[in-house]
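The basis for the numbers below is simple: all heavy atoms, side chains too, and nothing from hydrogens, waters or symmetry mates. Reminder, nothing fancy here: chain letters follow the sequence lines and each chain counts from 1.
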2 protein chains.
Amino acid sequence: MKAEKIPDIIIGRLPVYLRALQRMADSGLKTTSSQELGEHVGISAAQIRKDISQFGDFGKQGTGYSIAYLLDKLREILKVDRIWDVALVGAGDIGHALANYQGFKDRGFRITMIFDSDKSKVGQKIGNFTVEDAEMMIEKVKAAGLKIAMLTVPASEAQGVADKLIQAGVRAILNYAPINLNTPHNVKVQYIDPATHLQRMTYYL
Amino acid sequence: MKAEKIPDIIIGRLPVYLRALQRMADSGLKTTSSQELGEHVGISAAQIRKDISQFGDFGKQGTGYSIAYLLDKLREILKVDRIWDVALVGAGDIGHALANYQGFKDRGFRITMIFDSDKSKVGQKIGNFTVEDAEMMIEKVKAAGLKIAMLTVPASEAQGVADKLIQAGVRAILNYAPINLNTPHNVKVQYIDPATHLQRMTYYL
């Protein structure tokens, strides 16, 4: 099985399956079917079976999937069977919300550093964190070997910060700044921009 | 031209083009090419030309696109040549950040109401807003004729709140709760869940 062979669109659905399966497990369910999972995530049973079968034979004909087993396998495939340390850059409103968010730790991530270039924010406490000077970012991210960062800086600063993070060894960026980033092919970027999401829906109104 | 005929994946790229074109306009540019736009958004020139040509003939062979004209057309197509009033449900950290976010108004949206079911938050001021009791939500959203809502409530409450919003006439939901919503076919949902986005990238690390 070669990683390169699985289309990115399938990879994008796996976290959604994982999330739904975790909720099923939390509610006490032990097994599920592609039909049932499909109803939870709004994806056809056939598509789910096809997606999951890319990685091996995880279900039994007639008895469906063991939720615990499928959870383990999906976590292993997505490499969230471990905890990834994450740098957060930008200590504004969204940065604060993310720093305080309790939903990362059960899903494979923890923020371990927060940076801002605004000297008035450096030294500020956010929950258990102290905001650090962005001038130290390359050095500290590199020393800690961080591969993942979240960017909540203004659009005008995002590309510059991304370039530095990449220089420091970061290979995955979750970008909240409303601007497209130019990055090398070995760096993954995901975008969160609420206005873009809203505009995608108004077309249909 | 029938709305139904344009694939959703194309509609999803239009807000990204719009955002990049707006930045070009802000920096003083008057015209652009599909090549140049492509470099800004990381999409091939051929794909951009194909996407835009779905809606008409907006460029001139050899001289490219007028940015102002293309901005107008894209805003018209996405129906953000107007301002949409939006209800925000959930006055937690993310709700606060969204209520204070300055990036909506230039892109077709303004939050006009904030609701929470937590009585200790009702009456609280967030910027210019006063948090209202979620018990009044259906009535107030219906009276105002709102079609769009943002959901920043806990996962356990999201489906119930979504059902009420739909009952009140909402047809587009931006859901920050980490759970899939079951909605009728005439209701659009977009999801923002940072852990899902991060897990989509760790696969490649």
Side-chain angles (χ1 to χ4, degrees), chain A residues 3 6 8 11-12 14-16 18-20 23 39-42 77-80 84 86 92-94 96-98 100-101 103-104 106-109 147-148 150 155 171-174 176 178-183 186 188-205, chain B residues 3 6 8 11-12 14-16 18-20 23 39-42 77-80 84 86 92-98 100-101 103-104 106-109 147-148 150 155 171-174 178-183 186 188-205:
Chain A
I6 313 280
D8 184 60
I11 304 306
L14 300 185
V16 177
L18 179 56
R19 189 175 73 177
R23 284 192 70 81
E39 283 162 26
H40 278 84
V41 297
I77 292 164
L78 292 170
K79 302 199 186 108
V80 289
W84 293 89
V86 176
D93 284 330
I94 294 281
H96 272 77
L98 290 172
N100 291 323
Y101 182 57
F104 287 127
D106 294 336
R107 297 173 71 191
F109 306 97
K147 296 287 168 232
I148 306 175
M150 297 196 280
R171 293 293 172 265
I173 297 174
L174 181 56
Y176 281 78
I179 186 171
N180 233 78
L181 298 178
N182 289 314
T183 56
N186 63 340
K188 290 282 166 187
V189 184
Q190 288 275 304
Y191 294 90
I192 289 185
D193 175 9
T196 298
H197 282 89
L198 291 170
Q199 290 178 340
R200 185 176 183 158
M201 297 191 285
T202 47
Y203 174 81
Y204 297 97
L205 293 180
Chain B
I6 313 278
D8 184 60
I11 303 306
L14 300 185
V16 177
L18 179 56
R19 188 175 72 176
R23 285 192 68 81
E39 283 161 25
H40 278 84
V41 298
I77 292 164
L78 292 171
K79 302 199 185 111
V80 290
W84 294 89
V86 176
D93 284 329
I94 292 281
H96 271 76
L98 290 173
N100 291 323
Y101 183 55
F104 287 128
D106 294 336
R107 298 174 70 189
F109 307 96
K147 297 287 167 230
I148 306 175
M150 295 194 281
R171 292 293 172 267
I173 297 173
L174 182 56
I179 185 170
N180 234 77
L181 298 177
N182 289 314
T183 56
N186 63 342
K188 290 281 166 187
V189 184
Q190 288 275 304
Y191 295 90
I192 289 183
D193 176 9
T196 297
H197 283 88
L198 290 171
Q199 289 178 340
R200 186 179 181 154
M201 296 190 286
T202 45
Y203 173 79
Y204 297 97
L205 292 180

Visitor: Is B/Y191 close to chain A through its backbone or its side chain, or both, or neither, when contacts mean heavy atoms under 4.5 Å?
Guide: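 Looking at B/Y191, backbone and side chain both touch chain A.
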Visitor: Is a side-chain N or O of B/Q190 found less than 3.5 angstrom from the main chain of A/M201, in a donor-acceptor match?
Guide: no
Visitor: Picking from A/P178, A/G103, A/A97, which has the most non-hydrogen pairs under 4.5 angstrom with chain B?
Guide: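 Winner by heavy-atom pair count: A/P178.
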Visitor: For A/G42 and B/N180, which heavy atoms make the closest approach, and how far apart are they?
Guide: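 Residues A/G42 and B/N180, closest heavy atoms: N-ND2, 4.1 Å.
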Visitor: Under a 4.5 Å heavy-atom cutoff, which of A/M150, A/K188, A/Q199, A/E39 has the most pairs with chain B?
Guide: A/Q199
Visitor: Go through the atoms of A/L78 and report whether side chain, backbone, both or neither lie under 4.5 Å from a heavy atom of chain B.
Guide: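 Contact with chain B is through both the backbone and side chain of A/L78.
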Visitor: Please state whether the side chain, the backbone, both or neither of A/A195 comes within less than 4.5 Å of a heavy atom of chain B.
Guide: both
Visitor: By the salt bridge (charged side-chain N to carboxylate O under 4.0 Å, His left out) test, which pairs, at least two apart or in different chains, include something from residues 195-205 of chain B?
Guide: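 Only A/D8-B/R200 qualify under salt bridge (charged side-chain N to carboxylate O under 4.0 Å, His left out).
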Visitor: If you count heavy-atom pairs under 4.5 Å between each of A/L181, A/V189, A/I179 and chain B, which one has the most?
Guide: A/I179
Visitor: Measure distances from A/I173 to the heavy atoms of chain B and classify the residue's part below 4.5 Å as side chain, backbone, both or neither.
Guide: backbone
Visitor: Kindly indicate whether the side chain of A/N186, heavy atoms from C-beta on, has any atom under 4.5 Å from the side chain of B/Y204.
Guide: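 Side chain of A/N186 against side chain of B/Y204, heavy atoms only: no contact under 4.5 Å found.
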Visitor: Answer with side chain, backbone, both or neither: which region of B/R19 has an atom nearer than 4.5 Å to a non-hydrogen atom of chain A?
Guide: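 The side chain, not the backbone.
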Visitor: If the condition is side-chain hydrogen bond (donor to acceptor under 3.5 Å, both in side chains), which residues does B/T183 pass it with, not counting sequence neighbours?
Guide: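 Applying side-chain hydrogen bond (donor to acceptor under 3.5 Å, both in side chains) to B/T183 gives none.
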Visitor: For B/R23, is it the side chain, the backbone, both, or neither that has a heavy atom closer than 4.5 Å to a heavy atom of chain A?
Guide: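 B/R23 touches chain A through side-chain heavy atoms alone.
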Visitor: Given that the side chain runs from C-beta out, which part of A/I148 has a heavy atom under 4.5 Å from chain B: side chain, backbone, both or neither?
Guide: side chain
Visitor: Working to the nearest 0.5 Å, report the span between CG of B/L198 and CG of A/L174.
Guide: 5.0 Å
Visitor: Using only atom types and a distance under 3.5 Å, with no angle test, would you say the side chain of B/W84 pairs donor to acceptor with the backbone of B/K79?
Guide: yes
Visitor: State, with a plain yes or no, whether a side-chain heavy atom of A/Y176 is found less than 4.5 Å away from one of A/D193.
Guide: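 They are not in side-chain contact.
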Visitor: Is it the side chain or the backbone of B/H40 that comes within 4.5 Å of chain A heavy atoms, both, or neither?
Guide: backbone
Visitor: Heavy-atom distance under 4.5 Å to chain A: side chain of B/A20, backbone, both or neither?
Guide: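 Neither part; nothing is under 4.5 Å.
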